[in-house]
Each structure stands twice: as C-alpha cells, then as structure tokens.
**Student:** 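Here you go, one structure.
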Amino acid sequence: MSNDIHTPQTSESGNTIPPIDASPTKEFFISVLVRDVTLYEAISELVDNSVDGAKSIRGQAGYDGLKIEIEFDENHFKISDTCGGIPAEVAAEYVFRFGRAVGMPSSDHPIGQFGVGMKRALFKMGSCFEVESTAPKSSFSVLLDVEQWKKATYPDNPQKEKWEFDFVSYHINQNNPVDECGTKISVKPLHEHIAEEFKLENFEYRLIKAIEAEQMESLQKGLEIYINGHRLQHEEATLLESSDVKPYYEHIDVELDGKKVGVDIYAGVSEANLEKCGWYIICNGRLILKADKTRITGWDEKPDKANIIESDEKGDSGNISTPKPHYQFARFRGYVYFIADAASADLLPWNTTKSTVDVENPIYQAVKQKMIRALRQAVDFLNKLDAELDRGETHLDNILKEAKSAKVKDIAPSAFFVHPPPKPAPAKPKSIRIQYVRPPDEVEKAKALLGVSTPKEVGEGTFDYFLEMEGD
Amino acid sequence: MGRPIDYRLRPAKNIERKMLANAFRRLSEFGHVEEYRYIGFGALYFSDFILFHRALGFRHMISIEREGEDDPAKQERYKFNSPFKCVDIEFGSAKSVLPRLNWGIRSIVWLDYIGALSKEVLSDVAFVCSQATQGSLLLISVNASSIEMPENEDDEEEPKGKGPLENLKRAVGSDKVPPGINNKALSGWRMAEVCRTIVQNEIEEALKERNGGLPKGSKFRYQQLFNFHYADGAKMLTVGGILYDEGQESVVSRCGFEKLDFYRPNEESYTIDPPLLTFKEIRALDKVIPLQGDACDIPVLPEDIRKYEEIYRYFPHFTEAEI
C-alpha cells in the first residue's frame, strides 16, 4: 500500500473497508479543552487577556480611558477592547498556539499565564470566530471556521492534519495611533447550548456580578467594562478604622527557587452583610476567590498548636477555633493580594481556570496560617460584640458606628487586629433581650388587643401585662 | 345604603379571583377543565377553593398549609373548615409539600404568598416549572410594597438592610436583581415590575434546565397570561401563565387567552382598581352601563364610572344587614 495516497482496502468478500478517520485528534483536542472551563470562566479569560493588554500599555499607571465592551445574544458573542492590541508577529507565532510557547512576550504581572485561554474560550462558544487586532506597529485579522479547520489537511498529503490556519489580513511596519489600538473578537454562530445560556437574563446578571468581582482591581484603576450596555460597577475593598479599631495588615515576601511572590494580608470588620463577608484572594490584580467562608480560607478549622496565641491583653483568642460562618461574622472582611512578576507568576496560588485557589500551593499554605490567625482575632471581637448586644449593651457597636471605612491601600501595617475590650458585664445586666416567634394571625390579634403596631411593642406589652397580672 | 363597601373584605382580590376563574375556563382546549388539579394556599377561609370548585367543578384540590405542621389540634381546625370533600389539606411549607405530590396530573398551581418575593418563593417557582405537565398553569402572588419589605418568616438572623434595593437583594440574592437599578427605580409600582422580571427570569432558567434533557419539538415553553397589580391594602403582584410543550403551540392559540381583556403577556400590567362606590350607586350603575357615550345622571365621577364599567361583571356581591 502506498504511503501518500490512501487506497481503499477491500475485504475478502470484496466490500470496501472504510479508512480510519485520522482527523478526530483535532476534534478530541477541542472536546477535552473545552470541558475544563465553564462559560463564565471562558468569558473571564477573554477579559483577562484584554486586561493584560491594558497592563502592557499602562504598567502601574491607571487605566482611565481604556474600555472593554462585551455583547452577546442567542446569535453571536463579541468582545472588543481599546487595550493596545496584539502585535501581528505575536499572533502568528504564539497567540494561536495551543499552549504558551517559550519566548512569548508578556506584560510585567501577567494574568494570562496559561496561554490556552483565548482558544479555549472561542472553541467553547461557537463554530466560527473572527479576531481583528490593531497594535501600534501592526494589524491583522483572522477568521476561523472550526468545521473546515478540523477537516483541513495538506494538499500534497491528505493523510496529514493541518493545524495552521491563515491570516485574512496581515500588516506590519505600520504606525497606528494609540487610541485606535485594540482587539475585537466575535463568535458566530454559537453552539446551541451556549445560545440557550446567552438568552437567559439571569446568565447576564451573573456574568456581570462575576466579572465585577474578578476585575475589582482593574475597575478601581479606571478601566471601563460594559456587558450588553451595562457599565460594570466596582466596590472598593475597605475596612473600618478609627482610633479604637485598627485592621490587621502585614506584608510578606516569599522566595522559592529564586522566584519571589509579594503578599499583602488585610483583615478586619466592615458593614454586616452575609453575602459579602469572608476572604477575598487576589492574584496579580485578578480576584480569584470572593467572600469565601469555607475551609479553603481556613473557616471551620481545628486550632493548630502553632497558631495558638498566648492569652494577652488583646483577649483570650487562644481557645477559639475558627467558626462556621454564622450571622454574627457577617462583618468580617479579609483581603489577600499576591503579586508576582512574569518570571515568578507560576508560583501564584491559582488553578488553571483562575476560579479558585490552589490549596496545595506551598506559598498559599504558609499565608493561610496567617489568615487563620487574623480571622480568629476578628472573630473573637465579633463574638464579644454579639454577646454585648445580647445583653442590650451597645458600647462596642457604637465604637464600630464611629469608625470610618478606609481603603485597604491606605491602611497602615498592624501585627494585630486592634479593638477595645468590651464593657465588663455589670453584675445586674441593664436589660435582657427576649425573643420568640408566634404565627402572624396571632400577632395581629395581639397588636389589636394592645393597641400597638409593631412586633416589638407586642413583646413588651405582653410581658408587662403578664407581670402586672401575675406578679404581686 | 349610602355607605361604601368595607375594604377589609378585599374587593380587588375578589375581582381577581373571578377574572382568573374566567381565564381557567379557556383551558378546555387541553382537556376537561374539571379534571385539572387545583393547588393553592387556602388558609382557613378557602375563598379561592370555594369559588373555583363552584365555577369550574374541580374534583381534585389540594390546599397547602404551613401552619400546624406538627400540631394535630391546629390541623383539625383546618380540616374542619375545608369546604368540600374534594379538598385535601397538605400540611407543611410549599417547599416541603410540592415535591411529594404526583406531577403527572395537569394542574393549576396558585401560590398566593402573604409575604414578599424571596429565595424560597423563587425556588418553589423553579420547582413547579421543572415538574409540571404540559397544559399546567402557574401563578404566584406576592407583596410588592417597596416601602417596607415585610420580614419573611425564616429570616430571623439577618437584619433588614437600608432601603428597598438592599432588602430586595437580601431577599432574593443579589445575582437575581437586574443590574443598574437604584432605590428610586423601586418606588411605587416599580417594585412589582422588577419582581415580575425576577420571576420571569427564574421560570426561563428553570425551563432551560428542564429542556436540556428533552428532544427538539418537545421543549417546554412558558407564556405569561396574567400580570395583575392591585392593592386592597399593601401593593400586590400576581403574575402567572401557562406551561406547555412547543408541540402544543396551536392548542394554546385555540384557548384564546388574548381575548380576555385582562390578558397581559409581558411587562405591561393590568391594574385591578375597583372604585369606591356605595351600594346604591352600584345598583344604579348596573342598570345603565355600558354607557357608550350616553349621558348619565348618577353623581359619580366619570373616572369611577369608567373603572366600574371595566370590572362590573366581577365586582363582588356584598350584602348588608341592618340589625
């Protein structure tokens, strides 16, 4: 049988034996690639690429004037940015490679660490995509029809799969003004199940919230991000601070095999909000974990001997284990920032889809011990606050009300979460809170009988009535 | 005879019930209406059960009652007050009762909550959408007052936030609230509009998930039929529609819901706003409406006459007794 042209085989009975189709490797590759990532993560990766572009052109300076616009419906998806564009030569050699080739240029503190993001996102979403980019010195456009690409082989060797694809346009040695530099990616048509997701308003709302959280830092630096016309909002990372209350803040530098990662850990209290409380983990400006209250960040862990704080004037925090998150901890906020330059970025404790922390990362494990210690200090305070409120005392609560929200970058280092001691419980408590529940129709009846309008007054009225009638 | 109707008797709710009874009749294109199973929250008075059984002949009715789940004496009271033999009372919250029902039966499900929209309401909505058989109707009624979001019974831990937007986010989860709205955008009846959107989104998402396992041609659709705003006291929203599989598009058309003047398939609402009239005025008006441009010497505001004309057929029959 010849090696270059496939001759159909014939079986003993004279029937043509079909050849073994070799092209499934591209199919297989695509299906394995896209399985790892959710649609949210895929879109996040495209946003991360744009943000990396912003970093490349602005460095540490702000992102004012830079924009990312995302639009989608059941027929198409589009993301366009004004973040500097991709040089045509980089596109040719690296960007469409499956994997990050050595030597690919990157921004100083890159988010796009793994190189596979854009391709994965596009294959996930649809069957045909177009990428157009204008960089300062070059511009290009690419159009990929995935079905055709899967079938592509070499004209002189139809057995061999062709993985390269061609530029539609390619220009170098240009001089493009900076405000025209950016990238536009569109996908059309979409896979059916993706189109079904894009039709849901709830999907749009969740995507907006997810990207608002992930890009919190970039949004704070002035980057404008729009999703279907909605401009993304951002909340500043803040902690309450006053002369009586000081958040915990520590900076550490971790070195491993000649590579370096800088870590800033902040912990303290803020307004009570169960959805927002917990730990926020940010790597190179990209939020990985939001409002986490799980074992990943050290909640509900047994105390470890190495972490027991000796009883000191700050309170007897030595005996508490970190709690399961219940309501009284709704004031807790912790922020951990990991920064690494391009050479050390592989040490950052994130997983490949940047959706959670890599808990086995040794740097994270070391940092987590400090996080647990800070959490327990804050929790000790919140327990005391809760106990005071139960007694009807508002001393600590008032102190918190007087404290101001300070942005984390303005917070001074402090080895402890500083807070005042609670007012000692008086021998006879000033008042005790009594709480109980009753069915609504009975409460209404009681309201009418007592001539009051709130449940609180019903409680007080019934108690007073009882004492008056039954007491001597 | 000159006294106005007592609004504690909830005339708007009464009108809404009768309008719905009218609408339910149109389901005959799907099968005999009396063979539908009716599921609702009858409470102690069972007003909807009484009306619907009398008007439509439902033989299979279930009232979900969360009171007295563990209290046999309370349960006895509810059973005693059950109006007909065909009304079964299931004790427990909707969340616990709905999953133990058999969903192979075409049903009309009216979850008439006292409280505001919440995560639990949304999960009940999603549950019904995931199970109901084609030709079923789902309606929910919630309190849509924006000034005070009433406390939901299960919410003992978290205190109320500041303002209606914060309350809404805590009640349903911030990822269900449309982005870009502020407290002003929730004033007056706008809270009801936002609640409708949130319910609509929940239904669409639940159906999308259900459809994942269904072949083309059998996928489920939802068509909103009702979007009532009314306020006997607090502002209330009733939103609902029909669940059907795409193969039955023509059956739904034949039902002709769009012929009902209170049919509302999208964000536009139908306000039930009965005018404040005396018994004597009502009796006089009944004899001369519809006016159709004729002069009317009954000294009632033209606006009120217009409002009355719109709903006179559904207007409650109250009687007054002199003692």
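Just so we're on the same page: letters track the sequence lines, and every chain starts at 1.
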**Student:** Does any heavy atom of chain A fall under 4.5 Å from the side chain of B/Glu202, the backbone, both, or neither of them?
**Tutor:** both

**Student:** Between B/Thr197, B/Asp175, B/Leu44, B/Val177, which shows the greatest number of heavy-atom pairs under 4.5 Å with chain A?
**Tutor:** B/Asp175

**Student:** For the residue pair B/Ile89 and B/Ser82, what are the closest heavy atoms and their distance?
**Tutor:** CD1-CB, 4.1 Å

**Student:** Name the orientation class of the two ring planes belonging to B/Tyr113 and B/Phe41 (parallel below 30°, tilted from 30 to 60°, perpendicular beyond 60°).
**Tutor:** perpendicular

**Student:** Any idea how A/Tyr40 and A/Phe203 line up, ring-wise: parallel (<30°), tilted (30 to 60°), or perpendicular (>60°)?
**Tutor:** tilted

**Student:** I'd like to verify something: which residue of B/Gly173, B/Gly180, B/Gly212, B/Pro178 has the highest number of heavy-atom pairs under 4.5 Å with chain A?
**Tutor:** B/Pro178

**Student:** Quick check against the 3.5 Å criterion: does B/Asn211 have a side-chain atom that pairs as donor or acceptor with the backbone of B/Leu214?
**Tutor:** no

**Student:** I'd like to know which of A/Glu212, A/Glu197, A/Lys199, A/Glu271 tops the heavy-atom pair count under 4.5 Å against chain B.
**Tutor:** A/Glu197

**Student:** Against chain A, label B/Lys176 side chain, backbone, both or neither, depending on which of its atoms sit under 4.5 Å from a heavy atom there.
**Tutor:** both

**Student:** For B/Ser174, is it the side chain, the backbone, both, or neither that has a heavy atom closer than 4.5 Å to a heavy atom of chain A?
**Tutor:** both

**Student:** For A/His193 and A/His191, take the angle between the two ring planes, folded into 0 to 90°, and tell me which bin it lands in: parallel under 30, tilted 30 to 60, perpendicular over 60.
**Tutor:** parallel

**Student:** Shortest non-hydrogen contact from B/Asp48 to B/Gly42?
**Tutor:** OD1-CA, 4.1 Å

**Student:** Against chain A, label B/Glu67 side chain, backbone, both or neither, depending on which of its atoms sit under 4.5 Å from a heavy atom there.
**Tutor:** side chain

